[in-house]
Amino acid sequence: MEEELLMSDSEIKASRTIRLILLSFGFPIDLTSFVRQHSVWEYPVGTYKNVSGSDRALCHDCPPQGLPHRVLYIPVRGAVAETPCLYKCISDRYHMPNCYTSAEFYTEFLIWKPIVGHRRAWSSIVGIYHLENVSLLTSYIYRVASIYVVCKYMSPLMELSASNIVLSPASSSDSKDENNNEGFVFDSNMLQKQGNMMPKEFIWPSGDLAINTTQEELKEPLVDLAIMRNGDEEAIANAAEVVRRACLKHGFFQVVNHGVEPELIDAAYNEIDSIFKLPLSKKLSAKRKPGGVSGYSGAHADRYSSKLPWKETFSFLFNHQSISNSQIVDYFNSVLGEDLHQTGRVYQKYCEAMKELSLIIMELLAISLGVDRLHYRRFFQDGDSIMRCNYYPPCTSSTLTLGTGPHTDPTSLTILHQDQVGGLQVFSDNKWLAVRPRSQALVINIGDTFMALSNGRYKSCLHRALVNTYKERRSLVFFVCPRDDKTVKPPENLLCKNEGRKYPDFTWSNLFEFTQNHYRADVATLQSFIHWQSNNS
Ligand SMILES: C=C1C[C@]23C[C@H]1CC[C@H]2[C@]1(C)CCC[C@@](C)(C(=O)O)[C@H]1[C@@H]3C(=O)O
Ligand SMILES: O=C(O)CCC(=O)C(=O)O
Ligand SMILES: [Fe+2]
């Protein structure tokens, strides 16, 4: 297949002649080095890389015979089709954390759109080299001209506009450290005014994106928690069975009649706006510190340099047994000042309600696993949970990015409410399925730590969140966590004769530290952590 895509000897000869002709008209003869000089991308047009890592030195020149065909691969990276690619990086998607070709394609598309119109710009970029009636000369001139225009005229523009969105440090982009991008700032207000200029940092590999996903919905159970208050043992046993099946399959269910007042949920949503509509400078004054989880984060742009999530988050810790009944209020006052006092009060109540609910669900989970009903309730009684408010601005290039990439939560249990915009998806039966927003329900998912506590029986739920082209989206997330020094291990009676331990002992503090300082939480966090822990003990 690759052979077919390469140019024949006669084509190479012809292209040399064309280069000479172009040179006489003032076009550069060595396109690759010209592009390099003018490129604003970390990995310039005309290069590729097939190993992991974020260093320009890892990039090689694209084979010269392949360059004219490159246009075919660009739409693939822009997530249009799955075509075999000469540049291995696409199939090796996880090894390409900094592949910016879709930005290249979009820039090119934007140039041609006003000249030849949307449809022709699209089809010519995708197909010009495959049209029989287009000569090599035409296609080559087209390609050279467009790259020339992109580099000469669009690069400075891109650099300018990008600086409104993502403020990069003065040093060149190749000196970026994957885990330390101190100078980058995500300004969602600017982004909305930005139109369709998508900064490369937000473009996700095509394999992670929403392409080819239908709107098919997950058929997760809706568990009525009123039974836990009524004490009807038969109804509880039935609910536990439903929960057991869902947790064995994908680790996800929803609960209704959960006891959290709808007014409290509404108030928590209103306060999301109080936080995220603050001026950027104010939000940045409450910025999350390296290694910690509390505070404001804009797209995690200070932590990562690629696959940035299209979201702003504000997180804070909630100690289950704090002697203070104003821990959240105090936190808000300390980082955002007295103006946000009311916001702190609302989240104080919200977290208390979440903690109570989480302990009820722990009972149901224990029943469903056939262990002592109070086992997990006791284990989490003195936990240290994390509350997070998520704000996903609308995104004109919503098909190129993600609000939250594919991951399992490293925490134990997640209690989430999403607004009516929708976007949460769960991976089940080998496909991404949409979670229908239900205003009366709370979404529950198993996290890595609970998977370990159930000796691997219950699945840590693989999920992600899409962004919407037109609407902003909000979600409220309560991540239930154990006290950080407690040993995470399954109860004895889950380990029958034939069943050994699936994971070694660990503490939440170590797993948390791993996700903050050594590993970006994704689909394989727990396995990677266990491996890392065994090498470091
Ligand atoms: C321990 C944690 C890591 C994350 C914050 C808390 C709880 C959930 C984790 C997270 C949300 C999982 C998805 C990826 C992540 C980077 C995110 O997109 O926010 C994760 C969090 C994080 O490290 O900030
Ligand atoms: O916003 C959502 O729906 C999902 C967020 C999420 O998965 C997370 O914060 O861990
Ligand atoms: Fe999550």
Side-chain angles (χ1 to χ4, degrees), residues 178-179 186 202 204 208 218 251-252 254 269 272 287-304 306-318 383-393 401-427 432 434-438 441-450 460-468 472-482 484 507-526 528-529:
E178 175 70 8
N179 283 311
F186 175 65
F202 290 93
W204 283 66
D208 285 336
L218 179 74
F252 188 92
Q254 300 215 33
Y269 273 112
I272 289 190
K287 210 169 97 170
R288 180 176 172 181
K289 306 245 167 15
V293 77
S294 305
Y296 170 80
S297 165
H300 299 335
D302 52 352
R303 297 169 71 197
Y304 310 119
S306 64
K307 297 202 284 178
L308 296 187
W310 193 268
K311 67 176 173 186
E312 291 179 75
T313 64
F314 193 84
S315 317
F316 38 95
L317 291 171
F318 180 77
D384 252 318
S385 291
I386 302 166
M387 173 72 206
R388 176 175 280 195
C389 303
N390 284 318
Y391 171 72
Y392 301 92
T401 193
L402 287 169
T404 301
H407 69 283
T408 55
D409 293 332
T411 43
S412 303
L413 191 76
T414 304
I415 308 181
L416 177 145
H417 197 283
Q418 62 166 335
D419 70 12
Q420 288 302 306
V421 174
L424 177 61
Q425 293 189 326
V426 166
F427 196 74
W432 285 105
V435 176
R436 183 196 297 188
R438 298 174 196 272
L442 285 161
V443 155
I444 311 294
N445 72 259
I446 300 292
D448 296 342
T449 302
F450 198 90
S460 184
C461 172
L462 176 54
H463 58 288
R464 67 179 184 183
L466 308 183
V467 284
N468 191 285
E472 49 192 4
R473 174 176 184 265
R474 297 167 182 79
S475 64
L476 295 158
V477 197
F478 189 78
F479 298 104
V480 183
C481 314
D484 63 0
T507 62
W508 166 240
S509 145
N510 284 350
L511 175 54
F512 175 73
E513 205 255 324
F514 181 66
T515 66
Q516 299 312 300
N517 300 325
H518 305 282
Y519 191 85
R520 179 174 181 174
D522 66 3
V523 301
T525 312
L526 188 58
S528 313
F529 166 68

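Note that ligands are numbered from 1 as they come in the structure, with each ligand's atoms numbered from 1 the same way. Please read all numbers here as calculations on a predicted model, not as lab measurements.
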Among [options], which one has a heavy atom closest to [atom]?
{"atom": "atom 21 (C) of ligand 1", "options": "Arg464, His463, Arg388, His407", "result": "Arg388"}
{"atom": "atom 9 (C) of ligand 1", "options": "Pro406, Ser385, Ser315, Pro410", "result": "Pro410"}
{"atom": "atom 3 (O) of ligand 2", "options": "Arg473, Arg474, Lys311", "result": "Arg473"}

Where the side chain of [X] meets the backbone of [Y], is there a donor-acceptor pair that is under 3.5 Å apart?
{"X": "Thr408", "Y": "Asp448", "value": "no"}
{"X": "Asp419", "Y": "Arg474", "value": "yes"}
{"X": "Ser385", "Y": "Cys481", "value": "yes"}
{"X": "Arg464", "Y": "Asp208", "value": "yes"}
{"X": "Trp310", "Y": "Tyr392", "value": "no"}
{"X": "Trp432", "Y": "His463", "value": "no"}
{"X": "Thr525", "Y": "Ala521", "value": "no"}

Please state which protein non-hydrogen atom is closest to [atom] and give its distance, to 0.1 Å?
{"atom": "atom 5 (C) of ligand 2", "value": "Tyr392 OH, 3.5 Å"}
{"atom": "atom 18 (O) of ligand 1", "value": "Lys311 NZ, 2.9 Å"}
{"atom": "atom 9 (O) of ligand 2", "value": "Asn390 ND2, 3.4 Å"}
{"atom": "atom 3 (C) of ligand 1", "value": "Gln516 NE2, 3.5 Å"}
{"atom": "atom 4 (C) of ligand 2", "value": "Leu416 CD1, 3.6 Å"}

Distance in Å, [X] [atom1] paired with [Y] [atom2], rounded so as to fall on 0.5 Å steps:
{"X": "Gln516", "Y": "Arg303", "atom1": "CD", "atom2": "CZ", "result": "4.5 Å"}
{"X": "Thr414", "Y": "Ile386", "atom1": "OG1", "atom2": "CD1", "result": "9.5 Å"}
{"X": "Gln418", "Y": "Tyr269", "atom1": "CD", "atom2": "OH", "result": "7.0 Å"}
{"X": "Leu526", "Y": "Leu511", "atom1": "CG", "atom2": "CG", "result": "6.5 Å"}

Could you tell me whether [X] approaches ligand 1 through its side chain, its backbone, both or neither, with non-hydrogen atoms closer than 4.0 Å?
{"X": "Arg520", "value": "neither"}
{"X": "Arg303", "value": "side chain"}
{"X": "Trp508", "value": "side chain"}
{"X": "Lys307", "value": "neither"}

Under 3.5 Å between some N or O of ligand 1 and some N or O of Arg288?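 Yes.
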Under 3.5 Å between some N or O of ligand 2 and some N or O of Thr404?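 No; every N/O pair is 3.5 Å or more apart.
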Looking only at distance, does Asp409 have an N or O less than 3.5 Å from an N or O of ligand 2?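 N/O-N/O distance under 3.5 Å: yes.
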Within the structure, is a non-hydrogen atom of Arg464 found at a distance of less than 4.0 Å from ligand 2?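 Checking ligand 2 against Arg464, which is what was asked, there is no heavy-atom contact under 4.0 Å.
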Quick check on His463 - does any of its heavy atoms sit under 4.0 Å from an atom of ligand 2?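 Judged by the 4.0 Å heavy-atom criterion, His463 does count as contacting ligand 2.
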Side-chain donor-acceptor pair present, Gln254, Arg436, cut-off under 3.5 Å: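 Not at all, the side chains of Gln254 and Arg436 share no donor-acceptor pair under 3.5 Å.
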Salt bridge (Lys or Arg N to Asp or Glu O under 4.0 Å) with Arg388: which residues, sequence neighbours excluded?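 Once residues adjacent in sequence are excluded, Arg388 has no partner under the salt bridge (Lys or Arg N to Asp or Glu O under 4.0 Å) criterion.
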Neighbouring protein N, O or S atoms of the Fe ion (ligand 3) [cut-off: under 2.8 Å, no waters]: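 Counting only protein N, O or S atoms under 2.8 Å from the Fe ion (ligand 3), the list reads His407 NE2, Asp409 OD1, His463 NE2.
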Just jot down the ligand 2 atoms closer than 4.0 angstrom to any heavy atom of His407, in number order.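 In order of numbering, the contacting atoms are 6 (C), 7 (O), 8 (C), 10 (O).
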Do the ring planes of His518 and Phe514 sit parallel (below 30°), tilted (30 to 60°) or perpendicular (above 60°)?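 The rings of His518 and Phe514 lie parallel, inter-plane angle below 30°.
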